[in-house]
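Structure first, commentary second.
Just so we're on the same page: letters track the sequence lines, and every chain starts at 1.
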Number of protein chains: 2
Amino acid sequence: MRQFKKGSLEMILLCLIAQGETYGYELLTRLNSGGASVLGYAREGTVYPILYRLQDAGLIRCRMAPSAANGGAKKYYALTERGRETLGELIAFWRAYARCVEDFIGEVPGEETAAWKSSI
Amino acid sequence: MRQFKKGSLEMILLCLIAQGETYGYELLTRLNSGGASVLGYAREGTVYPILYRLQDAGLIRCRMAPSAANGGAKKYYALTERGRETLGELIAFWRAYARCVEDFIGEVPGEETAAWKSSI
DNA sequence: ATTACTATTTAGTAATACTAAGTATAGCGC
DNA sequence: GCGCTATACTTAGTATTACTAAATAGTAAT
C-alpha cells in the first residue's frame, strides 16, 4: 500500500516547513508521529534526499546552526517565496486529484461516494 | 505534479474493471476521458504493464476474444474474488491516506482544512 | 569508554510510471 | 490491391521517487 505515498511526501514536507523553520531530524520525527500508521515509517534515507531536491528546486533555503545542547549541527530549512507559491499550487492540485480519484471510486458497485463529496 | 498519480493508477484501473468486464484499450480511453486533465494523459505503455501486474497478482483474470468487427483481438479482464477484496482494502486505505494528507495540509498557515473534513 | 540520543550523509536497490517505438487486424475509399 | 485510419496489444529503455542499510559525527550521562 505504500505506493500511495509516492509524490505526496514532498508536499507534506513543504507543509511541515511552512509551519516554521525546522530541520531534517525534526521533520523526520514529526512525519512519523503524525500519520506513520497510514503513511508508513519514513527513515533518514527517505527524508533527507527529498530536502536536497527541494533545495535544488529553490523551494526551501537552508541555514546552518552550530551544535546545539544535545546532538550534532543542524541545518534549518525555511520556505522560499517560490516554495510558498509552489506549495499552494501543490495543495490545489492534490485536492483536485483526490476528488478525481474519489470520482472513480464512486462508480464502483458497492462503494458509496464519500459523504463529503455530496456536501461540496 | 504527475507524481501524485503514482500508486493510485492500479486502484483506479481496478475500479474501472469492477464496473464490468472490459479490455485494455477501452480502459485507456475511459481513463483518459475521466480526469485526464488532472491525472495527465495515460498511454499504452502505462496501462498495459499495470494490467499484467494485476493479473500476475491474481487480482484480475483474462479472457481472449477473437477479432471484433473493427480492430484486433481483445483481452477481456474481470476482477477475481481476491481482486474484489483487495480493491475494497485499497479504497479504505486510500481514504485513510487522503485524510492523513489533508491533516498535514490543515496545519499550513493560510490553508483552511477542506470543508468535508469538519463534516465527517 | 561505552552507551544513548541527536543529526546528517550516501550507496545501492526496488517500485512505478513514462517515452517511444513496434506489431497486427479490420474496414473504407480509391 | 493499396494506402489510410482506427482499433488493440507489446515491449525496451529511461526517469522518478522512495526504501534499505549502513556509515559518520557530536554531546552527555553512566
Side-chain angles (χ1 to χ4, degrees), chain A residues 1-14 21-33 36 38-57 59-60 62-77 90 94 97 101, chain B residues 1-14 21-33 36 38-57 59-60 62-77 90 94 97 101:
Chain A
M1 309 262 202
R2 83 182 102 158
Q3 67 267 28
F4 285 143
K5 201 187 324 189
K6 291 198 178 183
S8 45
L9 260 185
E10 266 188 17
M11 183 182 68
I12 291 173
L13 287 179
L14 285 174
E21 202 183 40
T22 183
Y23 54 97
Y25 194 80
E26 195 185 51
L27 284 168
L28 187 64
T29 56
R30 284 164 65 193
L31 195 58
N32 286 325
S33 64
V38 176
L39 258 51
Y41 197 83
R43 315 241 182 137
E44 298 91 333
T46 298
V47 169
Y48 287 106
I50 295 179
L51 292 175
Y52 306 149
R53 281 210 308 268
L54 293 174
Q55 191 175 11
D56 285 347
L59 304 183
I60 60 179
C62 178
R63 174 174 74 79
M64 283 302 296
S67 265
N70 196 10
K74 299 170 187 173
K75 294 173 80 171
Y76 279 94
Y77 292 99
L90 284 172
W94 159 262
Y97 175 69
V101 171
Chain B
M1 307 261 201
R2 82 181 101 156
Q3 67 266 29
F4 285 143
K5 201 188 324 189
K6 292 196 179 183
S8 44
L9 260 185
E10 266 188 17
M11 182 182 69
I12 291 174
L13 288 179
L14 284 175
E21 204 184 38
T22 184
Y23 53 96
Y25 194 80
E26 194 186 51
L27 284 169
L28 187 65
T29 55
R30 284 164 65 193
L31 195 58
N32 287 325
S33 64
V38 175
L39 257 54
Y41 197 83
R43 316 242 181 137
E44 296 93 331
T46 297
V47 169
Y48 287 106
I50 294 178
L51 292 175
Y52 306 147
R53 281 211 308 268
L54 293 174
Q55 191 175 12
D56 285 347
L59 304 183
I60 59 179
C62 178
R63 175 175 73 80
M64 283 301 298
S67 267
N70 194 12
K74 300 170 186 173
K75 292 173 83 172
Y76 279 95
Y77 293 100
L90 284 172
W94 159 261
Y97 175 70
V101 171

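A sub-4.0 Å separation between OP1 or OP2 of C:dT8 and a side-chain N or O of A:Tyr23 is absent. Proximity of A:Tyr25 to the phosphate of C:dT8: no side-chain N or O atom is located under 4.0 Å from OP1 or OP2.
Across all strands shown, D:dT30 pairs with C:dA1; the Watson-Crick or G-U wobble distances both stay below 3.5 Å.
If you check every strand for non-hydrogen atoms under 4.0 Å, A:Gly45 touches a base.
In this view, A:Tyr76 satisfies the side-chain hydrogen bond (donor to acceptor under 3.5 Å, both in side chains) rule with no residue, not counting sequence neighbours. Partners of A:Glu21 by side-chain hydrogen bond (donor to acceptor under 3.5 Å, both in side chains), not counting sequence neighbours, listed by chain and number: A:Arg63. For B:Glu26, the side-chain hydrogen bond (donor to acceptor under 3.5 Å, both in side chains) test picks out B:Thr22, with sequence neighbours left out.
Between the P atom of D:dA8 and the CZ atom of B:Arg63 lies a distance of 14 Å, rounded to the nearest Å. For the pair B:Tyr77 OH and D:dT10 C1', the computed distance is 11 Å after rounding to whole Å. In this entry the distance linking CD of A:Glu44 with P of C:dA11 reads 16 Å, nearest Å. Spacing between atom CG of A:Leu28 and atom P of C:dA7 amounts to 11 Å, rounded to whole angstrom units. Look at CZ on A:Arg43: it is 7 Å from P on D:dA21, rounded to the nearest Å. Distance B:Lys74 NZ to D:dT10 P: 14 Å, rounded to the nearest Å. As a whole-Å value, the separation of A:Leu13 CG from C:dT8 P is 13 Å. Taking atom CD of residue A:Glu10 and atom P of nucleotide D:dT16, one finds them 12 Å apart after rounding to whole Å.
The shortest side-chain heavy-atom distance between A:Ile12 and A:Leu39 falls under the 4.5 Å cut-off. Side-chain contact check for A:Thr46 versus A:Leu31: every heavy-atom pair is 4.5 Å or farther apart. The shortest distance between side-chain heavy atoms of A:Val101 and B:Met11 falls below 4.5 Å.
The side chain of A:Leu9 sits closest to D:dC19 out of C:dT9, D:dC19, D:dT20. Closest to the side chain of A:Lys75, out of D:dC9, C:dA7, C:dT9, is C:dT9. When distances run from any side-chain atom of A:Thr46 to the nucleotides D:dA8, C:dT6, D:dT20, the shortest one goes to D:dT20.
Heavy-atom distances under 4.0 Å link DNA chain D to B:Tyr48, B:Pro49, B:Tyr52 of residues 48-57 of chain B, given in residue order.
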Contacts under 3.5 angstrom, residues 49-57 of chain A side chains, donor-acceptor by atom type, not counting sequence neighbours:
unit_1  : atom_1 : unit_2  : atom_2 : d
A:Arg53 : NE     : A:Glu10 : OE2    : 3.1
A:Arg53 : NH2    : A:Glu10 : OE2    : 3.0

